[in-house]
Amino acid sequence: MPEMTNPTESTNNAVTDLIARSNRLGADPKNTNYAGGNTSATGTDIDPVTGSPVDLLWVKGSGGDLGTLTAEGLAVLRLDRVRALVDVYPGVDREDEMVAAFDYCLHGRGGAAPSIDTAMHALVDAAHVDHLHPDSGIAIATAADGPALTRAIFGDRVVWVPWRRPGFQLGLDIAAVKAENPQAIGTILGGHGITAWGETSDEAERNSSWIIDTAAAYLTENGDPAPFGGVRPGFEALPEAERRARAAALAPTIRGLVSSDRPMLGHVTDSAVVLEFLASEKAPALAALGTSCPDHFLRTKVKPLLLDLPATASLDQQLTRLHELVAAYRDDYRAYYDAHATADNPAMRGADPLIVLVPGVGMFSYGANMQTARVAGEFYVNAINVMRGAESVSTYTPISDAEKFRIEYWALEEAKLQRMPKPKSHQGRIALVTGAASGIGKATAARLAADGACVVIADLDLEKAQAAAAELGGRDVAIGVAANVADPAAVQAAVDAAVLAFGGLDLVVNNAGLSLSKPLLETTEADWDLQHDVMAKGSFLVSKAAASVLITQKMGGDIVYISSKNGVFAGPNNIAYSATKADQAHQVRLLAVELGAHGVRVNGINPDGVVRGSGIFASGWGANRAATYGVKEEELGQYYANRTILGREVVPENVADAVAVLTGPELSRTTGLHIPVDSGVAAAFLR
């Protein structure tokens with residue numbers, strides 16, 4: 001009997017060539033947007049059941065990205081069975097049923113779920129097929145005279161296919177084009193993108209590239225150099241420092257406004273492409289038309305929100321107008337839904353805008369996670385490029401709102417959304433952790449990131465902060481910033497960095513600290529001032545700057561103080577440190593009362609004896625405490641453990657666990673609380 005293998009692990013040359021081609025095409029943004037388009041190959045492999053050759057189709061599965069595609073991201077189907085579906089196809093009114101039928105055509109186990117575009121790849125009589133969303137191709141596809149432009153640009157090598165929603169019928173349409181036009185190498189899909197084919201992988205790639213490059217060259221050589229018209233006075237880009245400051249000032253309000261239905265993360269884009277578009281005369285009219293390619297508007301909604309004030313308007317004027325415009329946008333979106341929805345459609349998912357355009361400042365894009373928020377902005381940049389190309393040679397004419405609605409509220413799209421994993425406890429939350437390059441802070445940042453939060457790691461040492469952030473993942477997970485918490489300007493810069501990186505702020509952990517272990521008579525004023533500046537004053541400054549964002553967002557939030565059991569326990573030779581920890585402990589109570597009306601919870605954690613990985617202990621505090629207690633420094637952790645009720649050493653991850661619980665959904669009605677994480681020190685019991 002032939003050896004049983006997973007078809008996605010095949011060493012078949014067709015698969016190898018397909019992956020390589022897909023990665024090359026997906027790596028270049030001129031070819032397609034992130035996670036957009038799909039590629040395929042057909043070939044012969046050995047059926048492990050019969051030992052006989054079998055014709056297979058390998059096609060990028062649902063939800064994958066060409067640039068990072070691997071064999072595991074391919075759907076593998078029996079080509080004869082997919083093509084046999086033509087005989088049972090019930091017609092365009094019931095074509096959605098064909099997606100479920102693909103499951104009965106799968107070859108073996110594993111692999112990705114077949115996408116709606118599978119029919120396009122299976123039914124076209126070519127060994128290799130590419131379907132892509134290049135800006136240049138979509139510019140032709142959305143031009144009012146797209147059919148004529150297609151003939152003028154490509155002759156008979158590329159055929160225009162009128163808009164049709166992706167599905168089985170579109171696959172039949174393209175297959176017919178291929179059969180009726182043997183000289184053709186591909187199509188322009190009206191309102192959508194391009195499809196190309198070839199008998200070898202290299203030929204398909206060359207044909208795809210030729211269509212994309214030929215369209216781009218035509219637009220460059222024949223297009224109007226000012227397709228968006230002139231510049232609107234007052235709407236020009238602000239100087240970089242000024243626009244970044246204005247973006248930081250606007251972001252908390254905008255995030256709160258666009259999180260009416262669910263919490264959103266945000267990304268700011270102030271590239272020249274965006275700023276030039278927003279300054280142009282045609283921006284209001286073009287923005288109102290919305291995007292066209294399904295991949296675009298599924299990420300950006302059918303249209304963006306455009307602030308209709310110049311960059312020279314005051315911050316207060318812009319904030320007031322944004323409140324009005326978001327309310328109007330929500331009303332318009334509900335009207336759009338009501339105009340097109342039927343009893344068979346899913347309920348409205350949310351009326352908030354996902355793209356907010358502020359002339360002179362940039363684009364704010366939003367999503368349930370950071371990658372989605374960032375990619376939404378990338379997609380709208382694609383849309384701007386498409387509009388530029390179409391307007392340069394014709395008139396930008398996207399598909400109708402009715403067709404957009406059919407895609408947005410498609411039962412198949414809803415099913416895809418329902419398959420998404422349940423969000424983690426802190427997904428959609430933005431955390432700022434001070435002193436987070438080591439010890440408790442680093443463990444806390446790691447735990448919050450593991451629970452789905454975006455994390456800003458703030459530390460005196462920028463290099464260490466950035467290294468700690470890199471350990472957690474890329475820019476969609478964490479960033480590292482330098483911050484001296486005793487410096488108000490540095491604290492504000494760290495908060496602004498969080499706002500600009502992720503859209504706002506939800507959770508602050510006041511962890512930065514240091515200690516000098518000295519008896520009263522040896523404690524200098526400088527010792528006292530240093531410790532109070534970092535922990536008492538520093539926590540105050542961080543909480544104040546963060547509270548301003550939290551109150552403006554109107555989304556609630558959490559502030560956590562990493563205090564100490566020394567805040568309630570009178571230990572020897574520790575006057576300055578313990579006094580400042582008591583200060584922090586009372587800040588918790590005071591701020592819990594003051595900020596509760598804004599939905600902000602303020603709690604504290606009282607650790608003890610956290611030696612392992614601690615920056616404080618490593619800086620001399622450990623040696624001093626060991627000398628005070630008459631033990632070796634390397635035995636200090638066990639010494640602390642032995643004097644506790646539980647007899648167990650406390651490590652940074654134990655404190656991080658407490659932070660996660662305090663800021664998670666389980667204790668949503670808890671504020672003003674101090675949780676001991678000390679393995680039980682009876683003298684530090686709270687009274």
Side-chain angles (χ1 to χ4, degrees), residues 30 135-146 148-149 152-153 191 215-247 250 254 268-293 296-297 300 302-315 317-318 320-322 324-325 328-329 332 353 355-365 377-398:
K30 77 172 185 179
D135 294 347
S136 62
I138 305 175
I140 306 304
T142 56
D145 50 353
L149 283 169
I153 297 169
Y218 182 89
L219 295 173
T220 299
E221 295 165 8
N222 298 277
D224 183 341
F228 295 145
V231 175
R232 293 181 289 167
F235 287 77
E236 302 95 331
L238 296 172
E240 182 177 5
E242 189 176 341
R243 70 174 179 264
R244 299 296 282 179
R246 179 58 63 93
L250 289 169
I254 298 176
V268 182
T269 304
D270 63 347
S271 63
V273 171
V274 171
L275 294 170
E276 175 191 322
F277 173 68
L278 297 183
S280 71
E281 292 175 336
K282 290 187 178 181
L286 290 171
L289 291 175
T291 54
S292 186
C293 176
H296 293 182
F297 61 75
T300 66
V302 290
K303 64 179 180 179
L305 182 152
L306 174 63
L307 178 62
D308 54 2
L309 292 178
T312 52
S314 70
L315 176 63
Q317 288 174 321
Q318 290 183 330
T320 298
R321 186 59 178 148
L322 282 166
E324 297 169 350
L325 289 174
Y329 186 100
D332 288 346
I355 301 292
V356 177
L357 305 172
V358 180
V361 177
M363 169 176 59
F364 298 76
S365 56
E378 292 175 4
F379 275 60
Y380 199 75
V381 170
N382 290 135
I384 292 173
N385 292 335
V386 166
M387 289 185 282
R388 178 191 293 107
E391 285 288 313
S392 74
V393 294
S394 181
T395 301
Y396 173 65
T397 310

Requested in this report: For Phe277 and Met387, run side-chain contact (heavy atoms from CB on, under 4.5 Å): C-alpha distance rounded to whole Å, both residues' side-chain angles, the deciding distance at 0.1 Å, then the answer.
Outcome: CA-CA 10 Å; Phe277 173 68; Met387 289 185 282; 3.9 Å; yes

Query raised in the report: Can you name the nearest heavy-atom pair linking Gly137 to Ala215, along with the distance?
Result: N-CB, 4.4 Å

Query raised in the report: For Asp135, what residues pass the side chain to side chain donor-acceptor pair (under 3.5 Å) criterion, not counting sequence neighbours?
Result: Asn382, Asn385

Report task. Look only at the side chain of Arg232 and the backbone of Leu278, and say whether a donor-acceptor pair between them is shorter than 3.5 Å. Result -> yes

Query raised in the report: So which heavy atom on Phe228 is nearest to which on Ile384, and how close?
Result: CZ-O, 3.6 Å

**Report entry** Short side-chain to backbone donor-acceptor contact, Thr397 and Thr395, under 3.5 Å
**Finding:** yes

Query raised in the report: Are Asp224 and Val393 side-chain neighbours, meaning at least one heavy-atom pair lies under 4.5 Å?
Result: no

Requested in this report: Measure across Pro284 and Leu306 and return the closest heavy-atom pair with its distance rounded to 0.1 Å.
Outcome: CA-CD2, 3.6 Å

Query raised in the report: Any side-chain heavy atom of Val302 within less than 4.5 Å of one from Thr291?
Result: no

Report summary line: OG1 of Thr300 to CE of Met363, rounded to nearest 0.5 Å, is 10.0 Å

Query raised in the report: Is a side-chain N or O of Glu242 found less than 3.5 angstrom from the main chain of Glu240, in a donor-acceptor match?
Result: no

Report task. Check whether any side-chain N or O of Ser394 sits under 3.5 Å from a backbone N or O of Ala390 as a donor-acceptor pair, and report yes or no. Result -> no

Query raised in the report: Would you say Ile140 and Leu219 make side-chain contact, with heavy atoms under 4.5 Å?
Result: yes

Requested in this report: Give, for atom OG of Ser365 and atom CZ of Phe379, the distance between the pair rounded to the nearest 0.5 Å.
Outcome: 11.5 Å

**Report entry** From Tyr396 atom OH to Leu286 atom CG, the distance as rounded to the nearest 0.5 Å
**Finding:** 8.0 Å

Query raised in the report: Backbone N or O of Pro398 within a donor-acceptor pair of the Thr142 side chain at under 3.5 Å?
Result: no

Query raised in the report: Closest approach of Gly234 and Pro310, non-hydrogen atoms and distance?
Result: O-CB, 3.4 Å

Report task. Any chance you could lay out the side-chain contact (heavy atoms from CB on, under 4.5 Å) test for Glu324 and Arg321, step after step, and finish with the verdict? Result -> CA-CA 5 Å; Glu324 297 169 350; Arg321 186 59 178 148; 2.9 Å; yes

Query - Pairs where residues 270-290 contributes a residue and the test side-chain hydrogen bond (donor to acceptor under 3.5 Å, both in side chains) is met, not counting sequence neighbours - result: Arg243-Asp270, Lys282-Glu391

Query raised in the report: What distance do Leu275 atom CG and Phe235 atom CZ have between them, rounded to the nearest 0.5 Å?
Result: 13.5 Å

Query raised in the report: Lys303 versus Leu289: any side-chain heavy-atom pair under 4.5 Å?
Result: no

Query raised in the report: Gln317 and Ser314: side chain to side chain donor-acceptor pair (under 3.5 Å), yes or no, with the steps?
Result: CA-CA 5 Å; Gln317 288 174 321; Ser314 70; 3.3 Å; yes

Report task. Test side-chain contact (heavy atoms from CB on, under 4.5 Å) on Val356 and Leu250 and set out the steps. Result -> CA-CA 11 Å; Val356 177; Leu250 289 169; over 6 Å; no

Report summary line: Distance col, row Tyr380:OH vs Thr269:OG1, nearest 0.5 angstrom, shows 12.5 Å

Report summary line: Between Ala247 and Val268, the two heavy atoms sitting closest are CB-CG1, 4.3 Å

**Report entry** Pairwise distance CG(Leu305) to CG(Leu357) - rounded to 0.5 angstrom
**Finding:** 7.5 Å

Report task. Looking only at non-hydrogen atoms, find the nearest pair between Gly360 and Ala311 and report the distance. Result -> CA-CB, 3.7 Å

